[in-house]
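Notes follow the structure.
When a ligand or atom number is given, it counts from 1 through the structure's own listing order. Everything numeric in this text was worked out from a predicted model, so none of it was measured.
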Amino acid sequence: MDFSTVCVHGSDRRYDVTGAVSVPIFQSATFAHPGVNMSTGYDYSRAQNPTREYLEAAVARLEGGSDALAFSSGMAAVALVMELFSPGDHIIASDDLYGGSIRLFAGPSTARGIKFTYLDAFDAASLADAVTPATKALFIETPGNPMMRVIDIAAAAEFASARGLLLIADNTFMTPYLQRPLELGADIVIHSGTKYLCGHNDTMCGFAVVKDAGLSERLRFLFKTVGPCLAPFDSWLLIRSLKTLALRMEAQQSNARKLAEWMLAKPEIKAVYYPGLPDHPQYDISLRQASGFGAMISFSVDTPETAVRILERVKLILYAESLGGVESLITYPMLQTHADIPREERETKGIDGRLLRLSVGIESADDLIADLEQAIGGR
Ligand SMILES: *Cc1c(COP(=O)(O)O)cnc(C)c1O
């Protein structure tokens, strides 16, 4: 079945005898048992709820996994995946990561005795240097955040599987519509579903998707034990959102391409970080492993004053954290998503006062360009 059909029809399960086309919201915390030692398959909504189960089956199918777990946020998903590891374990992570993941690793995960090494170049030679007998996993986000660096997922998977390491890939920026890391050899895919999967800037959620049954069992045990589950109503909102995922991604990435090309010709914009530009350093990897380039663009302007002027003057584009929704949003990574990273470290990565990150929505590209044009101002 084609991707866009799965988006609309989700999973095969039907829970309703009325023929309702929309999946019912099972707003129930608990489920009555037909008899002693008997269950309808549902006992308590922390463990499973029919509305959430429908959503999870749909997301598993879209990512090419055997199981997906729906969380109350993306960070809840990352945090639960970290529960797979024990004190003394070592994880190698790419360094172009969502700031919240870095904060989790540096804080609670480090306090639990897990050690992290961050790699700038995520190639076989650097990985071989970083790996130790305690290494248990590789954690990547590609394209990275906010510098849009792309990692070769299949190469990372090959390195990981040869050494018995788990490859965990945050696929938030691309969604399974454009990139399916499990099919390239990753073991766990993570999503901030708050972003493209929800797509309307109105609901928080997260996912962890796996293909291996043993891994699914371990995560399911932790999930019902810790309890970071997505509520039935929010699950329903996500089911509704997924129906238009393919359409939204197409519209957003088509707009992003137009904006990136416009930026290249704009004198006040000094650098454009978008994987779809042929001079992007990992353009060839993107072509190989993804069916598109997404709709996230980071760009560097001539001065911090220009950056501040853009943020204060945009009218249509909203100056707000987050990404992936139908509304275009612009952020200042230095002060928002990556504010907790020490200044020197941040600036060597290029996250300075001149860097802005734009999440391109589905408005008319001409209107978005006109908005940026007036915000940058004439000279
Ligand atoms: C937003 C984001 C997260 C965290 O997800 P929340 O839903 O905000 O908790 C994780 N990874 C990436 C790439 C993100 O953009």
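Annotation for Leu323 and Arg357: closest pair CD2-NH2, 3.4 Å, computed over non-hydrogen atoms.
A salt bridge does not link Asp371 with Lys315: every distance from a Lys NZ or Arg NE/NH1/NH2 to an Asp or Glu carboxylate oxygen is 4.0 Å or more.
The side-chain contact (heavy atoms from CB on, under 4.5 Å) test with Leu356 singles out one residue from Ile297, Val308, Leu311, Leu372, and that residue is Leu311.
Taking the ring centre of Tyr98 as origin, the terminal cationic atom of Lys195 falls inside the region bounded by 6.0 Å and 45° from the ring axis.
Side-chain atoms of Phe159 and Arg163, non-hydrogen and from C-beta on, do get closer than 4.5 Å to each other.
Environment of CZ in Arg220: crowded, with over 12 heavy atoms of neighbouring residues, nucleotides or ligands closer than 6.0 Å.
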Write 'none' if nothing qualifies; otherwise put on separate lines each N/O atom of ligand 1 with a protein N/O atom under 3.5 Å away and their distance to 0.1 Å.
unit_1: ligand 1; atom_1: 5 (O); unit_2: Ser192; atom_2: OG; d: 3.0
unit_1: ligand 1; atom_1: 7 (O); unit_2: Gly74; atom_2: N; d: 2.9
unit_1: ligand 1; atom_1: 7 (O); unit_2: Ser192; atom_2: OG; d: 2.8
unit_1: ligand 1; atom_1: 7 (O); unit_2: Thr194; atom_2: OG1; d: 2.6
unit_1: ligand 1; atom_1: 9 (O); unit_2: Gly74; atom_2: N; d: 3.1
unit_1: ligand 1; atom_1: 9 (O); unit_2: Met75; atom_2: N; d: 2.8
unit_1: ligand 1; atom_1: 11 (N); unit_2: Asp170; atom_2: OD2; d: 2.7
unit_1: ligand 1; atom_1: 15 (O); unit_2: Lys195; atom_2: NZ; d: 2.7

